[in-house]
Number of protein chains: 2
Amino acid sequence: MAKTLDETRLLQFKKNLSNCVNVKSKVFYNKELILSYSPIKKKIGFITEGKANIVKTDKEGNTTIMRDLKENDIFSNLFFQETEDEIYIISNGETKVIFIDYYNIIKNCNQNCPFHNSIVLTLFDLLIEDNKQQNEKIELLSKRTVEDKILFFLKQRMNKNNIFKVTTSYKAIAEYLFVDRANLMRELKKMEEKGLIEKHEKTIKIKS
Amino acid sequence: MAKTLDETRLLQFKKNLSNCVNVKSKVFYNKELILSYSPIKKKIGFITEGKANIVKTDKEGNTTIMRDLKENDIFSNLFFQETEDEIYIISNGETKVIFIDYYNIIKNCNQNCPFHNSIVLTLFDLLIEDNKQQNEKIELLSKRTVEDKILFFLKQRMNKNNIFKVTTSYKAIAEYLFVDRANLMRELKKMEEKGLIEKHEKTIKIKS
DNA sequence: TAATTATTGTTGCATTTGCAACAATAATAA
DNA sequence: TTATTATTGTTGCAAATGCAACAATAATTA
């Protein structure tokens with residue numbers, strides 16, 4: 001089956017956006033605030049270049065990375081309910097984002113505009129893609145042990161040669177898995193002793 | 001701000017569905033299989049009555065409830081990537097579901113059909129709502145301790161009088177929180193001793 | 001280059017958690 | 001009604017996990 005969201009379609013999407021609704025494109029440098037929860041201005045963001053994180057800070061000040069976002073991912077403050085915790089989207093390196101106004105999508109366009117229909121359908125598929133990623137994260141977090149979490153994480157990201165390279169840091173991976181960094185290192189060592197993986201600094205070979 | 005998805009709109013949505021795309025409505029009794037992962041037939045389901053669960057079974061046979069679904073929620077096999085685990089949607093009591101064919105939504109309709117546009121926009125908002133619920137679940141699972149998970153869960157579901165009634169079972173709640181049931185009971189007792197809650201069988205009063 | 005800051009790798013220890021098991025009660029089916 | 005099955009409440013115990021702390025590198029900045 002053909003991939004739903006191929007390059008051609010995404011390129012068309014970006015073109016259509018500027019033809020139809022009011023969009024703003026913006027570049028963010030490392031660790032800049034891209035979007036925060038706001039009950040008034042409902043925006044959808046689309047990452048055209050770079051990476052970002054959905055970050056949550058609770059009232060004790062503990063910060064956790066809720067999601068990793070990359071090129072062609074969407075995000076929105078529409079996706080978050082009001083909560084005690086503060087939720088932000090933060091750039092991770094240089095990141096280029098297109099902002100789309102939610103009301104423009106839903107209302108403020110002639111419904112017969114062919115750009116508009118195409119945009120809504122692409123947004124629909126982008127949302128499905130995001131939904132899929134969230135389910136994967138929930139599946140990951142449903143794993144009972146840290147070892148199971150690590151294995152699930154590695155298998156999802158390894159290449160054809162069963163190799164995963166840590167391009168970020170072990171600290172970031174521990175945050176993503178919601179586990180203690182020291183424990184992550186310990187479990188990786190145990191897994192190596194068990195023969196499940198081979199680890200050489202930032203390169204891991206999965207052997208199961 | 002007005003609620004995006006009100007009753008009127010959802011009623012209209014159901015009417016439009018039958019006017020535009022091919023839909024099938026079906027009733028399921030308790031614990032029946034509503035949908036399973038299928039790489040061929042991509043369907044979107046919409047619950048008009050009752051409840052359902054997204055359930056995952058891993059290769060060791062451990063079963064976990066990934067999500068709770070209720071009236072007006074949508075689900076789809078589009079939301080799941082192929083994985084070692086098996087993922088199903090199972091009815092929880094008598095449940096009425098409308099099935100919508102994905103390709104009908106995306107392609108097989110005259111794009112100027114006013115029903116179609118309205119349907120896609122409602123599906124879009126339903127997807128956003130689902131996305132929001134998933135983020136809430138991720139936020140819940142990001143909590144470090146079982147106590148934090150319980151408190152977050154209770155505060156989200158308590159009524160104006162800070163009371164939460166267990167309508168399902170403690171077993172089901174433990175599954176939803178991905179924690180051991182015995183430990184859930186133990187933590188609830190500790191929380192009562194600390195004065196955080198008051199528990200009388202299936203009624204919990206949150207005091208913080 | 002030197003100084004500063006961040007990451008990695010490691011360990012001991014206390015705490016949390018899951019598992020197993022069981023009795024008591026409640027709910028359901030025969 | 002009685003038998004059967006499911007849920008609740010509880011505990012001991014072993015295992016998993018997080019926390020704190022530290023040295024050794026690596027990366028970044030002045």
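Both backbone and side-chain heavy atoms feed into the values below; hydrogens, waters and symmetry mates do not. So you know, we letter chains A, B, ... as the sequences are listed, proteins then strands, and number each from 1.
Side chains of N92(B) and N30(B) form a contact here, defined as non-hydrogen atoms less than 4.5 Å apart.
Per the geometry, CZ belonging to F178(A) stands 19 Å off C1' belonging to dT16(C), to the nearest Å. We find that CZ of R144(B) is positioned 22 Å from P of dA14(C), with the value rounded to whole Å. Here the C1' atom of nucleotide dT15(C) and the CG atom of D180(A) are 13 Å apart, to the nearest Å. Rounded to whole angstrom, the span from the CG atom of N30(B) across to the P atom of dA27(C) amounts to 16 Å. Spacing between atom OH of Y29(A) and atom P of dT28(D) amounts to 19 Å, rounded to whole angstrom units. Distance E147(A) CD to dA16(D) C1': 11 Å, rounded to the nearest Å. Distance E175(A) CD to dT17(D) C1': 17 Å, rounded to the nearest Å. Look at NZ on K143(A): it is 14 Å from P on dT17(D), rounded to the nearest Å.
For K14(B), the NZ atom sits in a packed shell: over 12 heavy atoms of surrounding residues, nucleotides or ligands are nearer than 6.0 Å. Around NZ of K202(B), the count of heavy atoms belonging to other residues, nucleotides or ligands within 6.0 Å exceeds 12. When the shell of 6.0 Å around NZ of K155(A) is examined, it contains more than 12 heavy atoms from other residues, nucleotides or ligands.
Residues E129(A) and N72(A) bring no donor and acceptor atom of their side chains to less than 3.5 Å of each other. Q12(B) and S118(B) are not linked by any side-chain donor-acceptor pair at a separation below 3.5 angstrom, with hydrogens and angles left out of the test.
The ring-ring contact (aromatic ring centres under 6.0 Å, His included) analysis of residues 145-201 of chain B, with sequence neighbours excluded, yields the pairs F153(B)-F164(B), F153(B)-Y176(B).
For residues 86-93 of chain B, proximity to DNA chain C is found at no residue, defined as any non-hydrogen atom under 4.0 angstrom from a strand atom.
Partners of F46(A) by ring-ring contact (aromatic ring centres under 6.0 Å, His included), not counting sequence neighbours, listed by chain and number: F13(A). For S142(B), the side chain to side chain donor-acceptor pair (under 3.5 Å) criterion is met by K56(A), not counting sequence neighbours.
Between its opening and closing five pairs, the helix from dT1(C)-dA30(D) to dA30(C)-dT1(D) changes axis direction by 60°, a value rounded to 10 degrees.
When all heavy atoms of N104(B) and H116(B) are compared, the pair lying nearest together is O-CE1, 3.3 Å.
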Protein within reach of the bases, or only the backbone? For nucleotides 4-14 of chain D, mark each nucleotide 5' to 3' as B, S or -, using heavy atoms under 4.0 Å.
---SBBBBB--

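Using a distance-only test at 3.5 Å, with no hydrogens or angles considered, a donor-acceptor pair links the side chain of N77(B) to the main chain of K41(B).
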